[in-house]
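Read the structure below first, then the notes.
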Amino acid sequence: MNLEELTVIAKNAAIEAGKIIFSIYRSDDLGIDFKEDDSPLTKADIAAHEVIVRHLRDTGLPVLSEEGSFTPYLIRSQWEYYWLIDPLDGTKEFLNKNGEFTVNIALIHGQKSILGVVYAPVLDWLYWGNEKDGAWKQVEDKTPKRMKVKANGPVKTLVASRSHMTEETLRFIEQYPNAEIINMGSSLKFMLVAEDKAQCYPRFAPTMEWDTAASQAIVEAAGRQVLTYPEMKPMKYNREEMRNGWFLVR
């Protein structure tokens with residue numbers, strides 16, 4: 001499996017999807033609808049999904065997307081490698097027009113996320129990482145910079161969800177009375193930890209596997225961890241139940 005080549009394909013897919021999302025973001029018609037769980041869905045979600053799948057199809061690997069058709073566990077449990085994508089992570093941030101939303105593309109091997117790409121179209125921040133080449137950030141067309149930090153350092157800054165704050169999260173944050181708190185949307189919270197702009201991100205509210213897989217690969221390639229809480233074990237993927245439990249990024 002050529003991780004370098006697959007990373008390039010995933011980066012190109014994320015950038016092209018981001019351009020389409022941005023064009024819709026700037027328009028007056030977001031095409032807002034709602035899923036069965038009442039979560040918002042826009043035409044940007046669907047358009048980005050179609051672009052990404054078109055790029056990834058040539059790799060010959062299965063694709064599992066938040067906006068794609070459901071694949072039963074009996075089938076996907078047999079996949080050795082597959083793509084796991086969230087075409088538009090942070091739809092609420094997209095609708096609020098604060099720019100804090102991302103395109104997430106991950107490559108899963110077994111139950112581990114081994115490659116991730118996260119792209120923020122409005123900010124034009126591109127993050128990527130894999131087990132072989134480490135973690136990187138590129139802003140606009142500038143030279144990419146490697147992200148490498150030490151795990152388990154002192155917590156000076158915590159990052160928390162802008163849209164999904166819970167009482168449990170607030171109680172956890174109280175353990176660090178002198179720490180700065182940053183509120184942010186989408187996978188950008190993970191990226192702050194990967195960049196060492198924050199040292200901890202507690203998530204004590206529901207997420208799905210596609211919300212976290214790409215970011216976890218980047219965070220781990222940068223030298224930090226995504227751990228289930230309170231078990232403190234690395235988060236695994238391609239589970240029968242795709243809803244994530246609580247976790248810490250640190």
Side-chain angles (χ1 to χ4, degrees), residues 1-21 45 47-69 71 75-89 102-121 124-148 186-188 190-191 194-195 208-226 234-239 242 249:
M1 193 60 60
N2 189 325
L3 290 182
E4 183 177 359
E5 179 179 316
L6 292 175
T7 299
V8 171
I9 293 172
K11 286 164 60 178
N12 290 337
I15 291 170
E16 184 175 339
K19 289 179 180 178
I20 291 178
I21 291 170
D45 294 83
H49 162 83
E50 292 173 350
V51 167
I52 295 168
V53 170
R54 187 170 69 245
H55 275 267
L56 301 183
R57 188 180 293 125
D58 290 340
T59 67
L61 300 174
V63 178
L64 184 61
S65 169
E66 178 181 10
E67 311 308 342
S69 58
T71 303
I75 295 175
R76 59 183 171 83
S77 64
Q78 304 302 311
W79 293 346
E80 182 181 5
Y81 290 91
Y82 71 97
W83 295 104
L84 179 59
I85 66 175
D86 188 347
L88 176 50
D89 180 33
T102 59
V103 178
N104 300 343
I105 302 176
L107 178 67
I108 309 298
H109 178 212
Q111 289 192 294
K112 182 176 174 60
S113 181
I114 61 171
L115 182 164
V117 173
V118 170
Y119 181 53
D124 201 7
W125 294 352
L126 178 65
Y127 300 88
W128 68 91
N130 63 58
E131 294 181 322
K132 179 182 177 182
D133 303 314
W136 299 82
K137 178 184 181 181
Q138 184 172 11
V139 177
E140 299 173 338
D141 293 325
K142 298 178 182 177
T143 302
K145 294 185 178 180
R146 185 163 188 172
M147 300 184 296
K148 186 65 178 177
S186 74
S187 292
L188 292 172
F190 287 82
M191 299 302 98
E195 292 184 78
M208 299 296 290
E209 289 190 9
W210 48 68
D211 293 317
T212 60
S215 299
Q216 181 165 347
I218 297 169
V219 165
E220 292 179 346
R224 289 209 161 137
Q225 302 167 299
V226 180
M235 190 144 66
K236 295 182 179 181
Y237 292 88
N238 208 8
R239 307 181 308 266
M242 294 189 68
V249 185

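Here the structure is a predicted model, which is why all the values come from computation and not from measurement.
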Heavy-atom closest contact ([X] atom, [Y] atom, distance):
{"X": "Tyr119", "Y": "Ala14", "value": "CD2-O, 3.4 Å"}
{"X": "Ala214", "Y": "Ser113", "value": "N-OG, 4.3 Å"}
{"X": "Ile114", "Y": "Tyr81", "value": "CD1-CE2, 3.9 Å"}
{"X": "Pro121", "Y": "Gly18", "value": "CB-O, 3.5 Å"}
{"X": "Leu115", "Y": "Ala217", "value": "C-CB, 3.5 Å"}

Heavy-atom side-chain contact between [X] and [Y] under 4.5 Å:
{"X": "Glu16", "Y": "His55", "answer": "yes"}
{"X": "Leu61", "Y": "Tyr82", "answer": "no"}
{"X": "Asp211", "Y": "Phe190", "answer": "no"}
{"X": "Ile52", "Y": "Val63", "answer": "no"}
{"X": "Ser215", "Y": "Met191", "answer": "yes"}

Using side chain to side chain contact (heavy atoms under 4.5 Å, CB included) as the criterion, list what pairs up with [X], not counting sequence neighbours.
{"X": "Thr71", "answer": "Leu64, Ile75, Arg76, Trp79"}
{"X": "Gln111", "answer": "Lys236, Arg239"}
{"X": "Glu140", "answer": "Asp124, Lys142"}
{"X": "Ala222", "answer": "Ala135, Met147, Ala194"}

Nearest-0.5 Å distance that lies between atom [atom1] in [X] and atom [atom2] in [Y]:
{"X": "Leu84", "Y": "Ser65", "atom1": "CG", "atom2": "OG", "result": "8.5 Å"}
{"X": "Ile9", "Y": "Leu107", "atom1": "CD1", "atom2": "CG", "result": "10.5 Å"}
{"X": "Thr59", "Y": "Met1", "atom1": "OG1", "atom2": "CE", "result": "8.0 Å"}
{"X": "Asp45", "Y": "Glu66", "atom1": "CG", "atom2": "CD", "result": "7.0 Å"}
{"X": "Leu126", "Y": "Ile15", "atom1": "CG", "atom2": "CD1", "result": "5.0 Å"}

Next on the checklist: Could you work out, with ring-ring contact (aromatic ring centres under 6.0 Å, His included) as the rule, every residue matching Tyr127, not counting sequence neighbours?
Outcome noted: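 With neighbours one apart ignored, the set is empty.
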
Could you work out, with side-chain hydrogen bond (donor to acceptor under 3.5 Å, both in side chains) as the rule, every residue matching [X], not counting sequence neighbours?
{"X": "Thr212", "result": "Tyr237, Asn244"}
{"X": "Asn104", "result": "Asp89, Thr102, Ser187"}
{"X": "Glu220", "result": "Lys112, Gln216"}
{"X": "Arg57", "result": "none"}

Next on the checklist: Among residues at least two apart in sequence or on other chains, which ones pass salt bridge (charged side-chain N to carboxylate O under 4.0 Å, His left out) with Glu195?
Outcome noted: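 For Glu195, the residues satisfying salt bridge (charged side-chain N to carboxylate O under 4.0 Å, His left out) (neighbours in sequence not counted) are Lys137, Lys197.
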
Checklist entry - Taking only residues two or more places apart in sequence or in another chain, which ones pass salt bridge (charged side-chain N to carboxylate O under 4.0 Å, His left out) with Arg146? => result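 Testing Arg146 for salt bridge (charged side-chain N to carboxylate O under 4.0 Å, His left out), a comparison that skips the adjacent residues, returns none.
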
Next on the checklist: I need the full list of side chain to side chain donor-acceptor pair (under 3.5 Å) pairs touching residues 6-15, with sequence neighbours left out, sorted by first then second residue.
Outcome noted: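 Every side chain to side chain donor-acceptor pair (under 3.5 Å) pair that includes a residue of residues 6-15, provided the two are not neighbours, is Thr7-Asn130.
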
Next on the checklist: Going by side chain to side chain contact (heavy atoms under 4.5 Å, CB included), Val51 matches just one of Ile21, Ile20, Leu56, Val103. Which one?
Outcome noted: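 Of the listed options, the one satisfying the test is Ile20.
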
